[in-house]
Amino acid sequence: MLDWNAVRNATLRALNMFFRIGTNAPGRWHKVVTCQEAIRQKRRPGPGIGDAPVMVDERRPMLAGQGGVLAGAGFDIIIETRSRTRSGGERDEDAREYVYVTESSDLVYAKKRGFRLDPVMPGDMGALWSTICSQLGIPLPSGRAPAGAVGA
C-alpha cells in the first residue's frame with residue numbers, strides 16, 4: 001500500500017524548498033511560477049433556506065496533493081490568464097485576445113498582495129513586469145521603457 005501522506009505532502013515540500021531559495025542571499029529574489037489550472041465542481045448551499053444546493057466551479061492551481069489548496073499563501077501575486085474574443089462573440093473565427101485577471105472571486109483564484117494592479121489588464125508580460133518593478137523600486141535595464149498607465 002502506498003504511503004498517501006508522503007504523496008499528499010510531496011508538492012508542499014518541493015514548494016517550501018522553492019520558497020526558501022534566496023532567503024539568505026543579498027538583494028531581492030523574485031520567483032515566477034506558471035502552472036495549469038484545475039477546475040473542480042463543488043456543491044454549495046442554495047441561496048435561501050430549503051433551496052436546492054448549486055454546483056459551482058472551484059479554480060485552483062493544478063498541483064498534486066495539498067499543493068493546489070495551500071500553495072497560494074507563498075505568493076504575493078497570483079494572476080489568471082484568460083482568453084476572450086474582441087467582439088464579444090464565441091465563434092472560433094472571432095479574433096481572440098489574452099488578458100490578465102488580478103481580482104479574486106468565486107470563479108477566479110487570484111491575488112495581488114500590496115500591489116496596485118488593474119482588475120483586468122492586457123496580456124502583456126512586459127507591461128506587467130514594468131509595473132511590478134516600478135512599485136518595488138527595481139530599476140529596469142537601460143533601453144526598456146517603463147509601463148505607461150498600466151496599474152498606475
Stepwise side chain to side chain contact (heavy atoms under 4.5 Å, CB included) check, Leu128 with Tyr100: CA-CA 9 Å; Leu128 174 66; Tyr100 296 140; 4.0 Å; yes
Just do the side chain to side chain contact (heavy atoms under 4.5 Å, CB included) check on Ile132 and Ile77 with the steps written out, would you? CA-CA 10 Å; Ile132 292 168; Ile77 301 174; 3.6 Å; yes
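When the side chains of ILVMFWY residues are joined at heavy-atom separations under 4.5 Å, either directly or via intervening members, Tyr98 and Trp129 end up in two distinct hydrophobic clusters. Under a hydrophobic clustering in which Ile, Leu, Val, Met, Phe, Trp and Tyr are joined whenever their side-chain heavy atoms come within less than 4.5 Å, directly or via other members, Ile138 and Leu117 fall into the same cluster.
Counting non-hydrogen atoms of other residues, nucleotides and ligands closer than 6.0 Å to CZ of Arg43 gives a total of 12 or fewer.
Nearest heavy-atom pair across Ser104 and Ala110 is CB-O, 2.9 Å. Shortest non-hydrogen contact noted between Arg113 and Phe75 is NH2-O, 3.5 Å. Between Ser130 and Leu140, the shortest heavy-atom contact is OG-CD1, 3.6 Å.
Although no hydrogens or angles enter the test, the distance criterion places a donor-acceptor pair under 3.5 Å between the side chain of Asp124 and the main chain of Gly126.
Between Thr102 and the choices Met121, Arg116, Glu80, the side chain to side chain contact (heavy atoms under 4.5 Å, CB included) rule is met once, by Met121.
A salt bridge is defined here as a Lys NZ or Arg NE, NH1 or NH2 lying under 4.0 Å from an Asp or Glu carboxylate O, and Glu103 with Lys112 meets this definition.
Gln41 is linked by a side chain to side chain contact (heavy atoms under 4.5 Å, CB included) to Met55, Asp57, counting only residues two or more places apart in sequence or in another chain.
Note that the CG atom of Asp51 and the CD1 atom of Ile49 stand 9.0 Å from one another [nearest 0.5 Å].
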